[in-house]
**Student:** 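Submitted below is the structure of interest, expressed as structure tokens.
The sequence lines fix the lettering, A, B, ..., with proteins before strands; numbering per chain opens at 1.
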Amino acid sequence: MDYKDLANLIFPNVKDASYYEEKYPERKLKEGAMVVRFAPSPTGFVHIGGIYTSVICSKLAKQTDGVFILRIEDTDQKREVENGVVGIIDALKKFNLNPDEGMINEEDSKGAYGPYKQSQRKEIYQAFAKRLIEEKKAYPCFCTAEDLDEMRQKQESAKVRPGYYGAWAACRNLGLDEIEKRIKNGEEYIIRFRSPGNEERKIKHHDVIKGNIDFPENDQDIVIIKSDGLPTYHFAHVVDDYLMRTTHVIRGDEWLSSLPVHLQLFQALGIKPPKYAHIAPIMKEEDGAKRKLSKRKDPEAAVEFYAKEGIPSDAAKEYLLNIANSNFEMWRKQNKTASIDDFELQLNKMSISGALFDMVKLLDISKTVISRYSKEEVYDAAYTWATEYDEDLKKLLEDNKEYSLKVLGIERGNEKPRKDIAKWSDLKDNIEYMYDDRFLNKPHTYEYQNINDKEEIKKVISTYLEKYFDLSDDKQTWFDKIKDLSEELGYAREVKEYKQNPEKYKGHVGDVSTVIRIALTGRANTPDMYEIMKVLGEDSIKTRLEKAIK
RNA sequence: GGCCUGUUGGUCAAGCGGUUAAGACACCGCCCUUUCACGGCGGAGACAUGGGUUCGAUUCCCGUACAGGUCACCA
């Protein structure tokens, strides 16, 4: 029996690895094209970090005329969740991230380098494992969980580095005959890589983001094929990214320390490794300590959170891009209405350490993004959101479509559009008072401000209605009339004038218009009152004002 | 604990041997001839620390502290 026989004994029915190498030839892409992939596990929860990675991948592929692949890493069947793949696909879709290749539903995929789901690639991994066994670069290991536990304990008490390596690797030098006997005996085993590494030696590596890093060589005989026949992450990564002809592996930097393992695997298979870009995770601060955004503790870690809050996905994307390349902000300032597709993302400009998630900044970006929307876009987006999350708002928009468009058009579409909506869940509160059936049927306690006296308020409003209110006025005339009203009642026409001689007046035009504003809307802060009046219309204005002084 | 990485205002960050150490968010003040939002102007606020190297270090080297990551038949 030789190693070839052993390989055949272990994997009798798999094809030769060269079959797959031919089946998935090098891609014919133009110089500099990047082949990248997002490779999540379907654990039923899409993390914002995954969207972050995808945004980066998708942009780079687009920028270079490359390929963006969605690969599902489902080799851990214990953690798998029903419809996990669809959940991921839907999340990407929401962010308008469209992979060129990869899974398109739970079972099917598109692209010539598939399957794109690791559980469907079992024989492929085995073919490469077989090659390693033939070349004596991998071997079966019969150690049980108990054996390994025992080994770890011994190592711990002996104060040596834990792990399956060197002399501790019990199955590493088993004789072929013994191996054959134990396999034929039906003993359980897994396949381990025979590491040629030496802990004393250093390897040099250049990461596209992190720069030059030195590591000690890996000397652990890591598991490559588990007892269920599926590969571990390390092995799957190497085989898949080789066969899918990935040029750049973009992944979280928690993988950085296993890089020596991966590099060694590539070398053992005689393959040139791809370039690596390890991105820093998005962090969160709690009790003074920084940590990764956690799916258990932080609602904002879940993609669903943004959907529920009604933060537009393009806003979240801009925020993510802003974390990725801080010059995005500058670019956006100079290209206010450009599509983010026109921004050129640079991997080497990415931050080396993790940024704290900043909700305030996200909402600020979101406000700006929404301010660029047309009223129709606001209507559609808000309506779509409401359909899922706010029945009442949906009804409000639906029952009054034409009117709602007018409301949403207030101070929108001009040079300096309003920026007061950061998320769709804010919207209802912002516009509800504009609807008569809601406003008039709600009991109001008007909280007036500087002018508080009931009689005075009555006088302001009734005088306005009798002598000065005329909706057909243009804005200047309309406002001049409010000034006239102020003057007649003993208030300064100009705020400045009042400030210079406060003793001469009861107040100023601002106080007077505030009274009208509050009577009209029930609130002290609103968009431009002239525009509001235009939208409300004469009848509504009169009803509202009269109601206020009743 | 070993290994790897990082540390510029409250946050995100430019900078890469000589700079008054950019900019954005947040904060404060003023202005924008009615509020708010927007916009404009201004303000406060930073190179973790100790040693080197150098004419000169935020920038380079070493140590310390602190932080993060990683040490599975999980990814």
Side-chain angles (χ1 to χ4, degrees), chain A residues 39-41 43 73-76 78-79 118 141 143-145 148 152 156 159-164 188-192 199 207 210-211 213-216 220 222-228 230-234 236-237 251-260 278 280-281 283 285 288-292 319 322-323 325-330 332-333 349 351-365 367-368 371 411 414-421 449 479 482-483 486 493-497 508-514 516-518 521 523-530:
Chain A
S41 297
T43 54
E73 310 227 323
D74 61 342
T75 55
D76 185 3
K78 281 163 283 184
R79 294 204 314 173
Q118 291 180 333
C141 167
C143 292
T144 62
L148 295 176
R152 245 184 302 268
E156 215 165 286
K159 296 208 164 134
V160 298
R161 195 161 47 91
Y164 205 87
E188 281 227 337
Y189 61 91
I190 47 103
I191 308 296
R192 282 185 190 273
E199 227 249 344
D207 187 89
K210 305 267 176 186
I213 313 166
D214 294 350
F215 300 94
Q220 302 276 342
I222 59 138
V223 176
I224 57 175
I225 301 287
K226 301 184 283 185
S227 54
D228 59 5
L230 284 168
T232 55
Y233 171 86
H234 307 294
H237 150 54
R251 53 157 44 163
D253 66 4
E254 68 270 21
W255 292 110
L256 200 54
S257 44
S258 42
L259 192 59
H278 286 95
M283 314 284 282
E285 184 163 357
K290 258 184 164 184
R291 50 149 230 266
K292 256 166 87 171
Y319 175 66
N322 188 54
I323 291 183
N325 273 189
S326 65
N327 56 319
F328 173 79
E329 219 159 36
M330 222 68 89
R332 178 45 96 197
K333 211 175 176 183
K349 279 197 173 165
S351 168
I352 293 173
S353 53
L356 242 35
F357 180 83
D358 188 347
M359 182 60 92
V360 176
K361 180 111 181 177
L362 203 208
L363 292 180
D364 180 73
I365 289 175
K367 264 196 309 203
T368 307
S371 79
E411 283 188 77
N414 47 14
E415 275 283 300
K416 293 193 280 184
R418 282 198 80 72
K419 290 193 183 177
D420 48 6
I421 304 166
Q449 299 191 323
F479 192 48
I482 291 182
K483 288 182 178 179
S486 306
R493 291 182 70 93
E494 311 288 341
V495 180
K496 264 188 194 155
E497 206 177 306
H508 58 75
V509 61
D511 299 325
V512 173
S513 52
T514 296
I516 301 174
R517 183 191 311 280
I518 293 174
T521 65
R523 44 172 70 199
N525 303 333
T526 71
D528 184 76
M529 191 153 66
Y530 179 72

**Student:** First and last nucleotide of RNA chain B in contact with chain A, 5' to 3', at under 4.0 Å to a heavy atom: what are they?
**Tutor:** C3(B) to A75(B)
**Student:** Do the rings of Trp255(A) and Tyr233(A) sit parallel, tilted or perpendicular, given the 30° and 60° boundaries?
**Tutor:** parallel
**Student:** According to a 3.5 Å limit on both distances, what stems of 3 or more consecutive Watson-Crick or G-U pairs are formed with RNA chain B?
**Tutor:** B:1-7 with B:65-71, B:10-12 with B:23-25, B:27-31 with B:39-43, B:48-52 with B:60-64
**Student:** Any sub-3.5 Å donor-acceptor pair from Glu188(A)'s side-chain atoms to Thr144(A)'s backbone N or O?
**Tutor:** no
**Student:** Give Arg418(A) one of three labels, base, sugar-phosphate or nothing, depending on what nucleic acid heavy atoms sit under 4.0 Å from its own.
**Tutor:** base
**Student:** Is it the case that over 12 heavy atoms from other parts of the model lie below 6.0 angstrom from the CD atom of Glu254(A)?
**Tutor:**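 Atom CD in Glu254(A) is packed in, count exceeds 12.
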**Student:** Using every non-hydrogen atom in the two residues, find where Lys349(A) and Asn327(A) come nearest and quote the distance to one decimal.
**Tutor:**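 In this case the closest contact between Lys349(A) and Asn327(A) is NZ-ND2, 3.7 Å.
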**Student:** Set out, in order, the CA-CA distance, both residues' side-chain angles and the distance that settles side-chain contact (heavy atoms from CB on, under 4.5 Å) for Lys361(A) and Asn322(A), then state yes or no.
**Tutor:** CA-CA 10 Å; Lys361(A) 180 111 181 177; Asn322(A) 188 54; 3.5 Å; yes
**Student:** Determine the contact category for Ser371(A): base if any of its heavy atoms lies under 4.0 Å from a base atom, sugar-phosphate if only primed atoms, P, OP1 or OP2 are that close, otherwise nothing.
**Tutor:**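 Nothing, no nucleic acid heavy atom in range.
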**Student:** With P as the reference atom in both, quote the distance from C71(B) to U64(B) in angstrom, rounded to an integer.
**Tutor:** 25 Å
**Student:** Say you pick atom P in U19(B) and the same atom in G39(B); how far apart are they, in whole Å?
**Tutor:**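 Pairwise P distance, U19(B) against G39(B), rounds to 34 Å.
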**Student:** Can you tell me how far C1' in C25(B) sits from the matching atom in G45(B), rounded to whole Å?
**Tutor:**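 Going atom to atom, C1' in each nucleotide, I get 14 Å.
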**Student:** At 4.0 Å (heavy atoms only), tell me whether Arg493(A) reaches a base, stays on the sugar-phosphate, or touches nothing.
**Tutor:**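 Touches nothing.
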**Student:** List the steps and the verdict of side-chain contact (heavy atoms from CB on, under 4.5 Å) for Leu356(A) and Asp358(A).
**Tutor:** CA-CA 6 Å; Leu356(A) 242 35; Asp358(A) 188 347; over 6 Å; no
**Student:** Mapping Ile213(A) and Glu411(A) onto RNA chain B by nearest heavy atom, which one lands closer to the 5' end?
**Tutor:** Ile213(A)
**Student:** Ignoring hydrogens and angles, tell me if any N or O in the side chain of Lys210(A) forms a donor-acceptor pair with the backbone of Ile352(A) under 3.5 Å.
**Tutor:** yes
**Student:** Please give the distance between the C1' atoms of U54(B) and U59(B) as a whole number of Å.
**Tutor:** 13 Å
**Student:** How is Asn327(A) classified with respect to the nucleic acid when contacts are heavy atoms under 4.0 Å: base, sugar-phosphate, or nothing?
**Tutor:** nothing
**Student:** Using a heavy-atom cut-off of 4.0 Å across all strands, would you classify Lys419(A) as base, sugar-phosphate, or nothing?
**Tutor:** sugar-phosphate
**Student:** Distance between the C1' atoms of A14(B) and A46(B), in whole angstroms?
**Tutor:**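 13 Å, rounded to whole Å.
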**Student:** For the pair Thr521(A) (side chain) and Arg523(A) (backbone), establish whether a donor and an acceptor sit closer than 3.5 Å, ignoring hydrogens and angles.
**Tutor:**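 Looks like yes, one N/O pair under 3.5 Å.
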**Student:** Using the C1' atom as the reference point in each nucleotide, state the distance between G42(B) and G52(B) in Å, no decimals.
**Tutor:** 42 Å
**Student:** Using the P atom as the point on both nucleotides, what is the distance between A44(B) and G10(B), in whole Å?
**Tutor:**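 It works out to 15 Å between them.
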**Student:** Ser326(A) near the nucleic acid: base, sugar-phosphate alone, or nothing, with a heavy-atom cut-off under 4.0 Å?
**Tutor:**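 Since only primed, P, OP1 and OP2 atoms lie under 4.0 Å of Ser326(A), the category is sugar-phosphate.
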**Student:** Please confirm whether the backbone N or O of Tyr164(A) pairs with a side-chain atom of Gln220(A), one donor and one acceptor, at under 3.5 Å?
**Tutor:** yes
**Student:** Expressed in whole Å, how much space separates the C1' atoms belonging to U8(B) and A57(B)?
**Tutor:** 14 Å
**Student:** Do the side chain of Tyr319(A) and the main chain of Phe357(A) share a donor and acceptor less than 3.5 angstrom apart?
**Tutor:**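 Not confirmed, Tyr319(A) side chain does not pair with Phe357(A) backbone.
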**Student:** By nearest heavy atom, map Lys333(A) and Met529(A) onto RNA chain B; which one lands nearer the 5' end?
**Tutor:**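 So the residue in question is Lys333(A).
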